[in-house]
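The structure under discussion appears below in the form of structure tokens.
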Amino acid sequence: MEEFNQKGIAEELKKEPSAENPYRLLDLKLTHVEKFAAGIPAVIAAFRDLFEEKAAIRGTRALFKMNQMGGFDCPSCAWPDPDDERSALGEYCENGAKALAEEATSKRVTPEFFKQNSVFDLAQLDDYQIGKMGRLTDPMYLPQGATHYQPISWEDAFKKIAAHLNGLESPDQAAFYTSGRTSNEASFVYQLFAKEFGTNNMPDCSNMCHETSGSALRPTIGIGKGTVKLEDFYDAEVIVIIGQNPGTNAPRMMSALAKGKQNGAKIIAINPLPEAGLMGFINPQRVGAILHGGAQLADLYLPVKINGDMALLKALELLLIEFEQKSPGTVFDASFIEEKTVGYKDFLKQFDHYNLDELARLSGVSKEALYEAAATLAFKKRIIFCWGMGLTQQPNGVDMIREILNILLLKGSLGIPGAGVCPVRGHSNVQGNRTMMIDEKPTDEQLDRLENFYGFKMPRKHGYDVVRTIKAIHEEKVKVMFCMGGNFLSATPDTTYTAHALRKLNLLVAVSTKLNRGHLVHGKEALILPTYGRSDKDIVNGELQIVSTENSMGVVQDSKGMLEPVSKNLINETQIVCRMAMATLGERAVVDWQRYHDSYDAIRDDIEQCIPGFENYNVRVRQKGGFYLPNAARDKQYFAKDLAGRAPFTLTDIPDNTLAEDEYMMATTRTHDQFNTTIYGLDDRYRGIKNERRVIFMNPVDIDKAGLKAGERVDLFNYDDGIERVAPLFIIVSYQIPEKNTATYFPETNVLVSVNNVVKESNMPASKYVKIKIKKHDPEVYKKVDNMLYQGALQRPS
Ligand SMILES: Nc1nc2c(c(=O)[nH]1)N[C@H]1C(S)=C(S)[C@@H](COP(=O)(O)OP(=O)(O)OC[C@H]3O[C@@H](n4cnc5c(=O)[nH]c(N)nc54)[C@H](O)[C@@H]3O)O[C@H]1N2
Ligand SMILES: Nc1nc2c(c(=O)[nH]1)N[C@H]1C(S)=C(S)[C@@H](COP(=O)(O)OP(=O)(O)OC[C@H]3O[C@@H](n4cnc5c(=O)[nH]c(N)nc54)[C@H](O)[C@@H]3O)O[C@H]1N2
Ligand SMILES: [Mo]
């Protein structure tokens with residue numbers, strides 16, 4: 001790769017046999033599907049990644065500081081660290097190590113690199129290759145009509161942004177996107193700048209991730225967050241994991257599950273795929289465990305059909321009602337229902353219309369298995385429900401999470417030890433971003449507090465979320481887009497449509513650590529602003545700084561980078577925002593941006609004044625293990641404010657998931673070798689896939705019925721809104737997945753997800769509910785692909 005950089009990628013590409021074919025099919029190998037997650041291969045894989053990235057020197061020492069008290073917060077997932085003991089080897093996991101290797105790499109993407117490689121050529125690379133180029137070292141600018149990014153001074157970059165922003169007819173013509181790694185401090189100044197500039201257009205990755213959870217939780221329990229602490233996993237009697245793949249996406253959760261199980265908890269897994277992390281676990285940090293085999297984790301696995309979860313949850317409720325009728329007072333918590341809830345009678349009434357046979361058929365799970373699950377829950381109270389994208393990215397995701405709440409309300413399993421809801425967050429600080437008011441729909445209460453403190457009028461009109469931003473850019477209502485991290489193009493749905501939109505922008509700015517496709521499908525002008533990652537030393541006025549983040553369980557903690565940054569020309573995210581604010585607002589500014597620019601402590605002092613729960617922030621953030629934010633649902637069983645602290649039961653419907661003869665349901669998911677749009681490698685070890693990402697998992701019966709064969713090449717189509725969307729060239733993998741269901745990896749299949757296929761109420765893309773057709777591969781299919789629009793710059797450099 002190093003030579004690659006010097007020679008120029010264009011040269012290298014000429015050697016590709018399939019120059020006109022942008023999709024390289026590698027040498028797919030199928031290995032066995034793993035029953036257990038982690039183990040020795042995980043440890044080897046972790047260290048291999050560090051060494052391959054030449055990050056060994058920058059990386060290994062860092063690994064032992066990751067998630068240690070006084071160390072830095074792992075940039076991968078948002079799973080909490082144990083409050084007390086932490087493993088001597090470091091609280092890291094294979095995928096945390098991969099995330100660190102990605103960030104701690106000593107490879108550099110320099111101005112010379114951009115001079116050698118045009119945007120057009122870079123866009124021909126796949127995401128894996130793009131990501132491996134290294135860390136961005138200098139601010140870069142792409143003038144209108146240019147073929148290459150060129151270096152620009154920070155000063156001039158901020159002037160350009162200011163000129164564009166100040167040239168808009170209205171502040172609402174700008175949008176400010178956030179991915180979920182940004183610290184609390186940077187998030188706070190970022191949203192404050194957007195508000196002082198005059199807009200609430202703050203789309204963020206939550207709009208594709210856990211917005212659905214917030215939309216369901218807030219009206220029911222009064223807070224859009226989970227209600228459990230890590231210790232609750234050790235006290236639980238039953239842990240249900242629905243629509244989530246912990247072995248890959250929250251590996252440190254596995255230790256908590258194993259410990260809970262040791263203490264006697266029963267684990268129920270609900271997932272169309274029998275994921276390795278759900279079935280078993282070997283603790284990679286305990287050598288003894290590796291030698292002695294692993295623990296079977298799930299006591300019961302329910303292979304639900306995609307979106308069959310609502311029928312499944314209703315079946316559980318129907319059975320629980322029967323149990324309660326047989327032995328009244330032993331299943332439901334009558335006093336909790338009486339004192340803490342509303343709507344119980346109406347809730348019960350609906351079950352006159354449901355019968356178990358029908359619910360079993362709709363869910364795809366046998367009556368016997370449903371009965372066993374209900375029996376496991378019936379006489380227990382300390383029950384935790386965990387969920388992930390398998391539920392939140394479904395059209396009726398909000399309703400399904402409310403249905404989970406219904407079950408917990410029946411059983412009084414909220415706000416007591418060992419029980420509650422656990423939406424397992426994604427990005428390491430996505431929850432903190434929201435607490436810091438990165439939100440396109442801030443509440444009046446939040447805005448009043450800001451107004452009182454800062455003394456200027458905050459914009460009140462709700463802004464655009466992710467899906468609305470894409471549409472607004474298309475309609476040229478948004479003309480300047482600023483991205484704080486992330487990869488807006490590849491993470492969002494309907495890639496072709498989104499690419500067409502982004503091309504219309506006057507200016508696209510991306511604050512990034514690494515190059516990604518989002519920099520290559522740009523607006524008329526574009527800027528790349530390089531910044532520190534979580535593991536980098538952040539030195540302000542000669543002093544090493546701490547920032548803070550909030551994990552999945554509401555613990556706010558410090559994070560201190562320790563690696564020498566790859567370039568002297570990097571600026572931290574907070575200072576980028578402050579300098580943008582000073583350049584843009586100038587004399588207009590009411591906020592003292594210079595003060596924030598110079599001191600994280602000053603920002604924390606003011607957060608304390610504007611956001612409840614942060615009293616004495618600067619002191620408490622420096623305490624060992626940080627501090628918990630208040631959570632009235634968890635701490636006091638105080639739920640919806642408008643119901644005097646009670647929680648409402650919700651009435652929901654079962655969706656109609658009928659498919660045509662030649663239609664299949666597709667869930668887009670993650671491999672074990674990626675972090676969202678960052679592709680670490682081309683394997684999906686636990687699912688037995690090696691060296692290929694363009695695969696589609698299908699049930700053998702379906703493969704047969706359709707006259708196809710495992711290993712055959714196919715093209716995938718979606719026809720929502722009467723438009724043909726195509727994803728060419730996938731290989732069929734025969735897999736244990738319910739009939740008529742399929743799974744593929746994102747971002748490759750985001751081209752198939754209509755921008756209008758959204759979750760009711762949360763407006764998130766329903767990217768685990770995509771209707772597709774599957775046809776034998778036809779080389780002519782490329783004529784239908786609008787390649788250049790999302791693959792790269794329009795003009796080949798002459
Ligand atoms: N290593 C690594 N860690 C990560 C990430 C990463 O990409 N890589 N991403 C981070 C982010 S931002 C997030 S949000 C989380 C995501 O973590 P997860 O929520 O685990 O995300 P996914 O892999 O998209 O899919 C979750 C599971 O949903 C299942 N599923 C699909 N459809 C259905 C359905 O209809 N019903 C049910 N019950 N299950 C279904 C899939 O089989 C899969 O096992 O992980 C975070 N951590
Ligand atoms: N089809 C489909 N689409 C999905 C999903 C799905 O399951 N299926 N999942 C959705 C989910 S849950 C999410 S959260 C989104 C993710 O959407 P995003 O958050 O937009 O995407 P990421 O791939 O996490 O962003 C990666 C980029 O962030 C930058 N980066 C990394 N660390 C830092 C940092 O510390 N600071 C800055 N400034 N930049 C940094 C790097 O340049 C890197 O290329 O994708 C969503 N899209
Ligand atoms: Mo996410």
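Side chains are part of it too, since the values below use all heavy atoms of this structure and drop only hydrogens, waters and symmetry mates. Atoms within a ligand are numbered from 1 in the order they appear, just like the ligands themselves.
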Give the residue, atom name and distance (to 0.1 Å) of the protein heavy atom nearest [atom].
atom                    : result
atom 45 (O) of ligand 1 : N249 CB, 3.2 Å
atom 11 (C) of ligand 1 : G426 CA, 3.2 Å
atom 43 (C) of ligand 1 : E275 OE2, 3.4 Å
atom 32 (N) of ligand 2 : R181 NH1, 3.0 Å
atom 10 (C) of ligand 2 : M208 O, 3.5 Å
atom 47 (N) of ligand 2 : A491 O, 2.7 Å
atom 36 (N) of ligand 2 : E573 OE2, 2.7 Å

| message | If the cut-off is 4.0 Å to any non-hydrogen atom of S179, which atoms of ligand 2 fall inside it? | response |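 Listed by number with element: 18 (P), 19 (O).
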Going by distance alone, is a donor N or O of one side chain under 3.5 Å from an acceptor N or O of the other, for T549 and D73?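 Side chains of T549 and D73: pair found under 3.5 Å.
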Side-chain H-bond candidate by donor/acceptor type, D656 with T658, under 3.5 Å:
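Side chains of D656 and T658: pair found under 3.5 Å.
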Quick one: which of [options] has a heavy atom closest to [atom]?
atom                    : options                : result
atom 34 (C) of ligand 1 : G180, C205, G390       : G390
atom 6 (C) of ligand 2  : M389, Q393, E211, M484 : Q393
atom 12 (S) of ligand 1 : T677, N676, N741       : N676

**Prompt:** Hey, does I270 come in under 3.5 Å of ligand 1, counting only N/O atoms on both sides?
**Reply:**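 By distance alone, the answer is yes.
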Is the contact between R670 and ligand 2 made by the side chain, the backbone, both, or neither, using heavy atoms and a 4.0 Å cut-off?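 The side chain, only.
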